[in-house]
Amino acid sequence: MSSSKQSLAPLGGFKALDLTGELGWLLGRILADVGVQVTKIDPPGGDLGRNMAPILEGPAGSISASWVAYNMGKSRLDLNLSTEEGRQSFLELASTADFVLESEDPGVLDGLGIGWEVLSERNPSLILTSVTPYGQAGPLAGVPASDLEIMSAGGAVWLTGDADRPPVRVTLPQSVCWAGSYAAVGTMIAHYHRQLTGKGQHVDMSAQASILRTLVHAPSFYDLLRENPIRAGGYLIGRNINGAAMRNIWPCLDGYVTWAIYGGAAGRQSNRGMVEWMDENGMAPEFLKNIDWSTFDVVTVTLAELSEMEAAIAVFLETVTKAEFLKQAQVRRMLGYVVSTAADIVADEQLEARQVWSEEFVPELGQTLRFPDGWLKIDDTRFGVASPVSGGDR
Amino acid sequence: MIVSLPERKGPLTDLHVVEFGGYGAGPAVGKCLAEHGAEVIRVESMLHLDGFRTNYPPYAGNVPGIERAAMFAITNDSKLGVSLNLKTEKGRDLARRLMERADVVVENFTPGVMDKLGLGHEVMMGLNPKLVTLSTSNQGRTGPQANRAGFGSHLTSLSGFTELTGWPDRQPALLWGPYIDYIAVAYGVVAVLAALEQVRRTEVGCHVDLSQYETGVQCMAPALVRYFANGEVMGRKGNRDPNAVPHGVFPCAGEQRWCAISVHDDAEWNRFVLEVGEPWVKEPEFSTVAGRRDNEDQLEALIAGWTSNKPREDVVERMRKAGVHAAPVNDMGDVYSDPQLVYRNAFQRVDHPHMGEHAVPGPSYILSETPGRVVSAAPTVGQHNEAVLCGILGLSKVEFEELQLSEVLK
């Protein structure tokens with residue numbers, strides 16, 4: 001960790017104790033990203049999450065990929081909180097800390113004698129953030145849930161997957177990101193309040209509730225119209241009053257691209273750009289060329305009209321590569337991108353130019369590992385928890 | 001009479017925010033702040049309406065209309081609405097006066113648009129040297145793709161989520177809506193509040209350049225470090241998981257009723273076996289993790305056979321009681337009646353002058369001393385023009401009436 005950079009970061013000088021497991025790792029990582037000095041407190045022998053698949057293999061050993069990704073930039077301390085000595089050490093640290101982060105089942109910290117009442121009495125300006133699947137209280141508080149159950153109970157699974165198979169989650173667990181990032185929001189709001197009043201508080205984060213954000217307007221269909229939008233594979237639904245689905249994922253020569261027939265001024269330009277590109281390659285049928293995009297309305301177009309248009313576009317896109325599509329999309333102001341794999345993302349020129357990658361030696365692996373670091377760019381400074389890979393706009 | 005402004009309570013009541021732009025990634029930042037008491041003034045124009053008003057069903061009563069769009073209503077609750085035509089000098093002047101008294105300006109126009117309007121970051125700093133400005137854009141304001149416009153649903157694919165969603169033998173499946181926008185919103189709010197801390201210390205304002213793509217990449221980090229460490233490119237695997245088996249979504253009695261069940265170790269498997277009690281579940285090939293993994297297709301089919309004639313609630317209840325991970329796959333109606341979401345008041349109801357009563361998702365975090373809440377329905381276009389321009393900026397009634405007859409408030 002480059003401590004000099006962190007001390008200049010917006011929250012440089014603030015301290016957090018991070019007791020979290022998987023569900024809370026990203027919360028501490030985001031606080032570290034904005035400058036908080038985060039100490040990850042593990043039981044003797046280390047966090048069990050270090051063994052969670054997928055596992056990275058290095059010359060000196062192996063470690064969980066998620067563990068590495070979301071605990072970069074934190075310092076480490078082993079404390080046995082089941083002993084009186086461990087608890088006393090923790091309480092001493094907490095009396096001068098600004099944040100305590102945890103993700104135990106509700107009541108566990110209280111049972112250990114280090115819960116909110118004890119902590120806030122000793123340190124009234126402390127902020128305690130608890131990240132759990134369902135929250136601190138209520139009918140499901142304490143019910144176990146992993147990513148699959150959180151994404152299901154939060155409604156995200158319902159909306160995703162192919163119509164003829166069961167609904168699916170994202171293969172790489174995402175509830176940790178939603179819970180962790182929105183827990184950081186709640187924690188920072190509490191921090192703002194503390195700076196004004198000197199008073200800390202307990203932030204109760206529900207992972208299930210955080211997933212509601214991913215549903216965007218889907219629940220509104222039920223609220224307003226008693227409609228229940230459902231998974232549609234690679235098609236976009238909820239843009240059209242006739243219930244027409246718009247194709248959004250298209251096979252191309254070397255993978256998939258994403259593009260859709262859209263409305264609005266930008267959408268019209270995007271639609272026009274696609275047809276012009278097709279026409280230059282002799283692949284735009286007459287009916288497509290004859291559409292008046294200035295009056296085309298994506299909200300009211302019929303399914304039959306859409307299907308005819310999309311069939312012609314699909315034939316064309318199968319003849320182009322991802323790189324060609326990205327280039328033409330930029331030139332022709334078409335709204336679309338490629339469906340990236342991990343290999344595409346690490347090779348992306350924009351991320352490279354913006355110095356997103358850092359490197360850090362991972363002792364468990366015995367090697368230096370590259371990872372996505374600073375997302376916070378203020379004026380000309382990009383903050384992060386490690387050294388950037390190379391010179392650039394940092 | 002000036003329309004009275006809703007009372008503001010909460011930890012952010014001294015914070016004044018002005019927003020320019022549209023859709024999700026910018027305005028949802030203001031929503032988070034407004035729900036905790038910030039005064040958030042959403043600047044719009046009738047001449048360049050927010051796409052969330054015009055291009056996104058559902059509309060109340062299924063009748064399209066700019067004041068009937070749920071997408072705008074659930075993204076802009078708790079704010080004040082002002083209509084300013086930024087193509088007019090007077091409109092820009094009023095925008096500058098709002099910036100002068102603001103702590104934060106949020107904008108998500110395509111990069112360059114604020115500069116072209118003469119309202120870029122340098123201009124704002126000149127007006128108000130302690131201002132925090134947040135520009136949130138698809139790919140950030142520097143680099144070869146800096147000025148690229150795009151929608152969240154596409155950026156979700158660029159960031160890697162789509163490739164990892166769906167079945168290995170099928171095309172990738174889409175995530176609903178502008179998924180990535182709302183990741184960038186969380187990072188955006190954190191960035192704004194962190195920048196305000198910096199201003200508190202330095203007394204100098206600053207500009208945050210947030211790339212939505214980069215925030216999405218944060219959520220892909222485990223897949224990316226895996227590629228860097230071992231050259232492995234992750235693929236989509238339906239509902240399979242390397243840490244749990246079985247790990248799937250299974251059909252229950254009725255139309256499109258599904259439950260999620262996952263088993264994370266042998267002890268949990270033994271509890272599952274005891275609860276199910278059928279001969280098939282006791283077969284020796286399923287008694288070890290390796291055995292369940294080797295026979296996962298068969299195991300999933302047997303579990304699906306067992307769940308498919310039982311009500312979803314019964315399966316979930318039995319599993320939970322037995323100490324097995326389980327949850328209903330809540331549909332878009334279920335999320336309103338889920339007992340835990342109801343307990344947390346996850347959706348709050350507001351009365352909108354054109355839409356009637358409707359639901360708005362509130363904060364997912366509850367602050368013990370200063371909980372947030374949905375304060376008011378989203379503003380209609382220009383709803384608070386008089387309250388803001390006269391009540392806050394101090395324009396006279398005569399000046400305001402003149403503006404109303406001009407192009408400035410369009």
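Lettering of chains follows the sequences in order, A, B, ..., and the numbering in each one begins at 1.
- Neither the backbone nor the side chain of A:Trp67 comes within contact range of chain B, judged by heavy atoms closer than 4.5 Å.
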Checklist entry - Should A:Gln195 and B:Glu197 be marked as a side chain to side chain donor-acceptor pair (under 3.5 Å) after you check the CA-CA gap, both sets of side-chain angles, and the distance that decides it? => result CA-CA 9 Å; A:Gln195 294 298 79; B:Glu197 180 65 44; 3.1 Å; yes
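- The existence of a salt bridge linking B:Asp331 and A:Arg231 is excluded, since no basic side-chain nitrogen approaches an acidic carboxylate oxygen closer than 4.0 Å.
- For A:Leu148, the parts lying near chain B are the backbone and the side chain together; criterion is any non-hydrogen pair under 4.5 Å.
- Exactly one of B:Tyr187, B:Tyr365, B:Tyr179 qualifies for a ring-ring contact (aromatic ring centres under 6.0 Å, His included) with A:Trp178. That residue is B:Tyr179.
- If you measure heavy-atom distances from B:Tyr182 to chain A, the contacts under 4.5 Å come from both the backbone and the side chain.
- Contacts between B:Phe52 and chain A at a heavy-atom distance below 4.5 Å are absent for every atom of the residue.
- In this structure, chain B has heavy atoms under 4.5 Å from both the backbone and the side chain of A:Ala260.
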Checklist entry - Given the rule in the ring-ring contact (aromatic ring centres under 6.0 Å, His included) test, do B:Phe151 and A:Tyr262 qualify, once you have shown the distances and angles that lead to the verdict? => result CA-CA 10 Å; B:Phe151 282 124; A:Tyr262 262 110; 4.4 Å; yes
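- Interface residue A:Ala145: only backbone heavy atoms are found under 4.5 Å from chain B.
- Closest approach of A:His217 to B:Pro57, counting heavy atoms only: CD2-O, 3.0 Å.
- Both the backbone and the side chain of A:Leu215 come within contact range of chain B, judged by heavy atoms closer than 4.5 Å.
- For a residue to count as touching a neighbouring chain, one of its non-hydrogen atoms must lie under 4.5 Å from one of that chain's; by this rule A:Ala179 does not touch chain B.
- Side chains of B:Glu163 and A:Ser340 form no contact here, defined as non-hydrogen atoms less than 4.5 Å apart.
- The contact between A:Leu26 and chain B is made entirely by side chain atoms (from C-beta outward), counting heavy-atom distances below 4.5 Å.
- In this structure, the portions of A:Glu57 lying under 4.5 Å from any heavy atom of chain B include both its backbone and its side chain.
- Remark: A:Lys199 does not engage B:Glu369 in a salt bridge, criterion side-chain N to carboxylate O under 4.0 Å.
- No side-chain donor from either of A:Tyr222 and B:Asp334 sits under 3.5 Å from a side-chain acceptor of the other.
- With salt bridges taken as basic N to acidic carboxylate O contacts below 4.0 Å, none links B:Asp209 and A:Arg382.
- Using a 4.5 Å heavy-atom threshold, the side chains of A:Leu172 and B:Arg236 count as separate.
- Annotation: cation-pi pair B:Arg344/A:Tyr134 absent, no NZ/CZ under 6.0 Å from the ring centroid and within 45° of its normal.
- Only the side chain of A:Leu369 has a heavy atom closer than 4.5 Å to any heavy atom of chain B.
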